[in-house]
Amino acid sequence: MKNEITISELARLMGVSTHQIRYFEDKEVLLPAYTDTNQYRMYGLEQVYRLAQILLLRKLGLSVQTIKESIDGPSPEQMSQLLRASVDNLEAEIKRLDELRRLTVNILEEQREYAGPSPAYRIKQRKATELKCWFHTDARRGMDAMLLAKQSPPPDLFESDIYFVIEDNGKMAVCTESKTEGDLMLPESRCLCYPFLAEDEGEIELRIQHMLQYADSQSIALNGPAVLVEKSYLSLFSPNKLNYELMIEVQEKDEAAQNGEGV
DNA sequence: GTTCTTACA
DNA sequence: TGTAAGAA
């Protein structure tokens with residue numbers, strides 16, 4: 001009597017495709033019990049267990065090649081080592097996914113700032129930010145691909161926000177955020193902020209002027225360089241436009257009294 | 001109707 | 001990994 005089953009029955013039993021079972025055969029990790037006269041692969045209980053084992057090891061992240069090398073005589077030590085390595089891989093993957101989730105949530109949260117009815121000036125607490133300076137250029141000169149290409153070597157361009165720190169002398173430092181100590185540190189401080197969308201760079205100069213006028217009209221003393229942050233990811237939401245946030249540190253009143261001047 | 005092999009996206 | 005085609 002025949003206790004063996006066909007490939008499709010095995011596939012259905014184990015919840016995999018017949019293609020995958022043939023693939024395992026090709027890689028010599030799972031052979032049929034025998035081949036029938038009609039060339040059909042036939043599988044017995046032994047193969048069912050073996051397939052279950054292969055699938056478990058695959059699930060744990062082992063390659064088919066690794067399984068092939070270890071499935072026949074895996075010593076308990078080898079098996080523990082494989083499983084420990086698998087745990088390491090899984091933890092790395094969890095970390096990667098966790099960072100990806102955080103990034104996605106951040107993008108959504110930032111997007112909300114721009115999704116309001118109309119952009120507005122507001123005072124925000126800025127976290128201390130370490131910046132790594134990429135290059136300097138003239139603040140009046142626009143950015144273009146050539147300018148970028150001439151710089152070397154690009155940091156994680158467009159994977160993180162880009163900071164344009166506009167200095168008093170008309171120079172502009174183009175920076176990215178740095179996790180470690182950078183070249184330039186934006187201290188934690190209250191800032192006058194203005195998020196906006198821009199289609200061309202001519203707008204930016206205007207925005208800065210407007211912000212200075214606004215601060216003046218509200219008697220807000222500003223201090224330090226204008227910082228323009230290009231929100232790399234938010235262009236996902238607004239094709240052909242770039243999302244910027246302009247921020248200038250607010251000079252606190254007691255500070256102003258000490259310095260005896262505003263900006 | 002099912003499976004086989006082979007090729008291809 | 002899935003899908004397709006023609007043959008058995």
> If the sugar-phosphate is the primed atoms plus P, OP1 and OP2 and the base is the rest, what is the B/S/- string for nucleotides 1-8 of chain C, using protein heavy atoms under 4.0 Å?
BBB-----
> Give a yes or no on whether a salt bridge exists between A/E203 and A/R207, defined as a side-chain N under 4.0 angstrom from a carboxylate O.
yes
> Could A/E25 and A/R41 be called an ion pair, given the rule that one side-chain N must be under 4.0 Å from one carboxylate O?
yes
> Could A/E252 and A/R190 be called an ion pair, given the rule that one side-chain N must be under 4.0 Å from one carboxylate O?
yes
> Apply salt bridge (charged side-chain N to carboxylate O under 4.0 Å, His left out) to the pair A/R50 and A/E46, showing each step before the final yes or no.
CA-CA 6 Å; A/R50 169 162 286 213; A/E46 193 184 333; 5.9 Å; no
> My understanding is that only residues two or more places apart in sequence, or in another chain, count here; which of them pass side chain to side chain contact (heavy atoms under 4.5 Å, CB included) with A/D183?
A/K132, A/C133
> Once ring-ring contact (aromatic ring centres under 6.0 Å, His included) is applied, what residue pairs with a partner in residues 167-200 of chain A remain, sequence neighbours excluded?
A/Y121-A/Y194, A/Y194-A/F196, A/F196-A/Y244
> For residues 8-20 of chain A, please give each side-chain donor-acceptor pair under 3.5 Å, one per line with the distance, not counting sequence neighbours.
residue : atom : partner : partner atom : Å
A/S8    : OG   : A/T6    : OG1          : 3.3
A/E9    : OE1  : A/T6    : N            : 2.9
A/E9    : OE1  : A/T6    : OG1          : 3.3
A/S17   : OG   : A/Q20   : N            : 3.0

> If you link ILVMFWY side chains whenever their heavy atoms are less than 4.5 Å apart, which other residues fall into the same cluster as A/V165? By chain and number, please.
A/L131, A/Y163, A/L184, A/L186, A/V227, A/V229, A/M247
> Classify the nucleic acid contact of A/R41 as base, sugar-phosphate or nothing, counting any heavy atom under 4.0 Å across all strands shown.
sugar-phosphate
> So where does chain A start and stop touching DNA chain B, 5' to 3', when the test is distance under 4.0 Å to a non-hydrogen atom?
B/dG1 to B/dT5
